[in-house]
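Note sheet for the following structure.
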Amino acid sequence: MSEILLHNTLTNRIEPLAPIHPGEVRIYTCGPTVYSFAHIGNFRTFIFQDVLRRFFRLRGLRVLQVMNITDVDDRIINNATAAGVPIREYTEKYIKAFLEDIDALHIEMPEELVRATDHIDDMVVLIEKLQAKGLTYQSDGSIYFRIAKFPSYGKLSKIDVSGMQAGARVDVDQYEKDDARDFALWKSPKPGEHFWETPIGRGRPGWHIECSAMAMKYLGDTIDIHTGGVDLAFPHHENEIAQSESATGKPFVRLWLHAEHLIINGQKMSKSLGNFYTLRDLFAKGSKPSTIRFLLLSVPYRRQLNFTEDGLVQAKNSVERLRNFVTRLKDEQFAAGSNPDIQKRIDKAEADFDAGLADDVNTARALAAIFDLVRDINASMDRREFLQQDAPRAVAAMEKFDSVLALLADDDDEKLRGLGIAAAKQQLQPAQIEALIEERNASRRRRDFKRSDEIRQQLSDSGILVEDTKDGSVRWKYR
RNA sequence: GGCGCGGUCGCCAAGUGGUAAGGCAAAGGUCUGCAAAACCUUUAUCGGCAGUUCGAUUCUGCCCCGCGCCUCCA
């Protein structure tokens with residue numbers, strides 16, 4: 001097996017993965033800020049890191065992934081204040097929604113899902129460490145990190161910050177800073193605002209310190225991989241580096257992986273353009289979870305993904321093809337024996353799939369390997385060259401692929417129902433469906449095809465596809 | 001202006017210095033009572049110009065176009 005290569009934003013090169021702890025990859029992922037429902041772009045990033053961790057596991061590596069939940073920031077405070085509830089209460093519903101969303105998309109739970117507000121003490125300790133080293137200063141009760149004390153500032157994003165001036169396009173944050181580039185580690189409370197009483201004063205943590213504190217607490221001073229959306233490289237990740245490396249004197253992260261953004265019909269997603277979608281929006285409009293997952297993972301993560309209606313249709317049909325194939329493998333009867341060529345073919349597909357993912361998570365290549373296999377095996381089944389012993393092997397290969405892709409389980413309907421979303425057209429109960437199919441079977445037996453076709457049409461109108469198989473049995477599924 | 005990404009078949013998209021994977025869609029066939037599924041066949045010379053080379057879509061330069069970041073943002 002080839003070594004796993006990943007693009008490192010820090011060096012702008014493709015580099016081999018070399019875990020610090022042999023056999024275990026430690027990953028920190030910037031999770032959602034729970035001031036609202038996560039949008040579809042967020043999930044592009046989360047699905048990327050899910051594919052990444054699943055691939056590591058397929059390779060036999062252990063994964064220790066930490067994802068944070070930012071449950072305190074300006075928007076949350078403002079919204080909670082407006083709603084007249086404590087921030088913890090305000091964020092609860094969005095955390096719950098987030099968990100439901102990732103479950104619907106088959107995104108695995110990280111080993112540690114941690115909330116910022118549960119780690120205030122850790123952040124305070126880290127800030128104190130920076131204070132002790134003389135890297136900070138106070139202003140109006142807030143504590144800032146002095147960028148000038150960290151000479152390599154900018155190394156991740158390659159941004160030359162020397163030209164940044166206060167007032168220009170830089171948020172002066174309504175506080176007095178010595179240098180526009182400096183960022184807040186700790187913010188003093190505005191009147192009426194929620195605050196924590198700590199040794200470094202009253203207030204709340206800055207956004208960047210939370211990730212540094214939690215990442216190092218759970219993963220150590222130097223972590224293997226840190227992921228996030230491209231927009232986070234500056235300033236968020238840059239600031240994480242400055243804080244963490246100043247505090248420990250060690251490299252903070254070995255590999256920085258940044259997922260490109262998703263755009264909608266060629267335009268940036270934004271509320272003002274009216275093209276801002278949450279997952280639930282798309283589900284409500286009829287998309288299946290598996291469709292979204294396929295679409296979001298089908299384009300390699302470092303490539304911008306243009307999200308379109310057309311793309312949804314294509315993704316849906318592609319998933320269908322994969323599922324149909326597995327159904328055929330399991331349902332069809334094959335002649336006894338095994339075909340050595342088939343095993344070779346499967347081995348090749350597995351090797352290609354692995355090589356694709358090992359090449360900086362090239363999901364397009366990995367998918368091509370699968371579709372190649374699907375076509376070849378379908379053809380060999382048609383030619384009767386595919387034998388009984390081959391079937392379980394092919395199924396096992398598909399399951400192996402699916403341990404990374406997670407698209408085959410036909411549980412879309414169940415997931416949607418779990419979210420309280422059911423397609424309006426699916427009004428028939430399973431018992432009614434079975435009854436109609438039984439009537440259709442009877443019609444067919446007496447060759448009353450007019451009646452049988454009527455019934456199929458009726459079911460079709462309710463979103464149910466009826467298929468007659470070669471062996472005479474009939475099966476149905478939601479479309 | 002700085003930094004970065006991209007422009008490959010109708011759509012999505014991989015890829016290599018020696019004439020281009022895969023998926024979706026479309027058309028025509030095979031199969032089917034009809035469908036569905038599946039299979040077969042058909043459909044590109046890789047934004048433009050110049051250069052390097054025996055040979056470039058793949059390297060270099062310039063240009064055009066799209067997008068992102070540089071301020072909160074996955």
Side-chain angles (χ1 to χ4, degrees), chain A residues 9 12 29-33 35 38-49 73-75 154 157-164 168-173 180 207 227-236 238 258-263 266-270 294-295 298-300 302-306 308-325 327-328 331-332 352 356 359 362-383 444 447-450 452-453 456-457 460 465-470 474-477 479:
Chain A
T9 308
N12 197 24
T29 302
C30 285
T33 300
Y35 68 102
H39 61 250
I40 185 68
N42 292 305
F43 290 108
R44 206 278 244 248
T45 303
F46 296 139
I47 284 180
F48 155 62
Q49 52 84 8
D73 87 326
D74 289 339
R75 290 165 296 183
S157 54
K158 320 291 187 288
I159 283 174
D160 177 8
V161 291
S162 62
M164 286 172 64
R169 298 183 66 203
V170 178
D171 178 17
V172 294
D173 219 6
W207 175 36
T227 68
V230 279
D231 55 300
L232 294 187
F234 186 89
H236 184 51
E238 202 73 73
H258 289 104
E260 252 301 342
H261 276 179
L262 174 154
I263 57 177
Q267 286 187 301
K268 183 176 178 174
M269 176 166 46
S270 77
F294 184 96
L295 179 55
S298 66
V299 178
R302 284 203 297 133
R303 192 178 171 121
Q304 231 173 228
L305 190 160
N306 191 12
T308 62
E309 197 66 38
D310 226 35
L312 285 170
V313 172
Q314 295 175 17
K316 177 174 183 290
N317 291 335
S318 299
V319 172
E320 273 304 301
R321 179 165 170 83
L322 296 175
R323 290 182 178 174
N324 285 337
F325 174 65
T327 300
R328 185 176 183 192
D331 288 2
E332 201 161 306
D352 290 348
D359 176 18
N362 190 331
T363 45
R365 262 182 74 185
L367 284 171
I370 299 174
F371 282 109
D372 276 336
L373 181 72
V374 168
R375 176 178 19 75
D376 287 351
I377 287 190
N378 268 324
S380 63
M381 287 193 283
D382 284 358
R383 280 186 260 109
R444 292 183 72 217
R447 301 191 66 78
D448 180 357
F449 296 122
K450 182 164 178 298
S452 70
D453 286 350
R456 176 155 57 198
Q457 187 57 48
S460 176
L465 180 68
V466 180
E467 293 179 343
D468 303 322
T469 63
K470 279 203 178 90
V474 178
R475 62 168 173 247
W476 63 271
K477 62 187 175 189
R479 279 193 302 173

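Naming convention: chains lettered A, B, ... in sequence-line order (proteins, then strands); numbering from 1 in each chain.
Place A:Leu367 and A:Asp310 on RNA chain B by their nearest nucleotides, and A:Asp310 ends up nearer the 5' end. When each of A:Arg456 and A:Leu322 is assigned the nucleotide of RNA chain B bearing its nearest heavy atom, the one mapping closer to the 5' terminus is A:Arg456.
Checking the phosphate oxygens (OP1, OP2) of B:G15, a side-chain nitrogen or oxygen of A:Asn362 falls inside 4.0 Å. In terms of phosphate contacts, A:Asn324 brings no side-chain nitrogen or oxygen within less than 4.0 Å of OP1 or OP2 of B:A36. A:Lys268 has a side-chain polar atom (N or O) that falls below the 4.0 Å cut-off from OP1 or OP2 of B:C69.
For A:Arg321, whose side chain is taken as the heavy atoms from C-beta onward, the closest listed nucleotide among B:A21, B:A13, B:C24 is B:C24. The side chain of A:Asn317 approaches B:C24 more closely than any other nucleotide in the set B:C24, B:A14, B:G68. For A:Phe234, whose side chain is taken as the heavy atoms from C-beta onward, the closest listed nucleotide among B:U71, B:G22, B:A74 is B:U71. The side chain of A:Asp468 lies closest to B:A35 when the candidates are B:C5, B:A35, B:C70. Distance from the side chain of A:Met269 is smallest for B:A74 among the nucleotides B:G22, B:A74, B:C70. Distances from the side chain of A:Ala379 to the nucleotides B:C39, B:A74, B:C3 place B:C39 closest. The listed nucleotides are B:A14, B:A36, B:C69; the one nearest the side chain of A:Leu465 is B:A36. The side chain of A:Arg375 lies closest to B:C40 when the candidates are B:G33, B:C40, B:A14. When the nucleotides B:A74, B:A38, B:U71 are ranked by their closest atom to the side chain of A:His39, B:A74 comes out on top. Of the candidates B:A74, B:A13, B:C70, the closest approach to any side-chain atom of A:Ala364 belongs to B:A13.
In this structure, A:Gly311 reaches neither bases nor backbone, as no heavy-atom distance under 4.0 Å exists between it and the strands shown. Backbone-only contact: A:Val299 has heavy atoms under 4.0 Å from sugar-phosphate atoms and none from a base. Contacts of A:Ser157 with the nucleic acid, taken as non-hydrogen atoms under 4.0 Å apart, involve only primed sugar atoms and P, OP1 or OP2. As judged by a 4.0 angstrom heavy-atom cut-off over every strand, A:Pro235 is placed among residues touching the sugar-phosphate backbone only. A:Arg328 comes within 4.0 angstrom of sugar-phosphate atoms only, judged by non-hydrogen atoms across all strands, and of no base.
Checked for salt-bridge contact, A:Asp359 and A:Arg365 meet the test: a charged N lies under 4.0 Å from a carboxylate O. A salt bridge links A:Glu320 with A:Lys477; the closest basic N to acidic carboxylate O contact falls under 4.0 Å. With respect to A:Asp372 and A:Arg375, a salt bridge is recorded, a charged nitrogen being found less than 4.0 Å from a carboxylate O. Ionic pairing of A:Arg328 and A:Asp382 is present here: one or more N-O contacts between side-chain nitrogen and carboxylate oxygen are shorter than 4.0 angstrom.
At a cut-off of 3.5 angstrom, counting only N and O atoms as typed in the model, there is a donor on one side and an acceptor on the other between the side-chain of A:Gln314 and the base of B:G23. For A:Arg444 and B:G33, a side-chain-to-base donor-acceptor distance below 3.5 Å is present, hydrogens and geometry of angles not being considered.
Using the Watson-Crick or G-U wobble rule with both distances under 3.5 Å, B:G28 pairs with B:C40. Summarising the base pairing, B:C59 is matched to B:G51 through a Watson-Crick or G-U wobble pair whose two defining distances lie under 3.5 Å. Using N1 to N3 plus N6-O4 or O6-N4 for Watson-Crick, or N1-O2 and O6-N3 for G-U wobble, each under 3.5 Å, B:G68 pairs with B:C3. The partner of B:C46, taking Watson-Crick or G-U wobble pairs whose two distances both stay under 3.5 Å, does not exist in any strand shown. Checking B:U16 for Watson-Crick or G-U wobble geometry (two distances, each under 3.5 Å) identifies no partner in any strand.
In this structure the side chain of A:Ser298 never reaches within 4.5 angstrom of the side chain of A:Thr363, judged on heavy atoms. Contact of the A:Thr45 side chain with the A:Thr227 side chain is not registered, since no non-hydrogen atoms from C-beta on lie closer than 4.5 Å. Put simply, the side chain of A:Gln457 reaches to within 4.5 Å of the side chain of A:Ser460, judged on heavy atoms.
On the C1' atoms, B:C12 is 29 Å away from B:C49, given to the nearest whole Å. Taking the C1' atoms as reference points, B:G10 lies 15 Å from B:U42, given to the whole Å. B:C72 and B:U16: their C1' atoms are spaced 42 Å apart (whole Å). The gap from the C1' atom of B:U52 to that of B:U57 amounts to 16 Å, rounded to the nearest Å. Here the separation of B:G1 from B:C54, taken at their P atoms, is 38 Å to the nearest Å.
B:G33 has its base stacked against the ring of A:Phe449, the centroids being under 5.5 angstrom apart at an interplanar angle below 30°.
Between A:Phe294 and A:Phe371, the ring-plane angle classifies as perpendicular under the 30° and 60° cut-offs.
What separates CG of A:Asp453 from P of B:U32 is a distance of 17 Å, to the nearest Å. The nearest whole Å value for the distance from the CD atom in A:Glu467 to the C1' atom in B:A36 is 5 Å. Residue A:Phe325 contributes atom CZ, which lies 13 Å from atom P of B:C24 at whole-angstrom precision.
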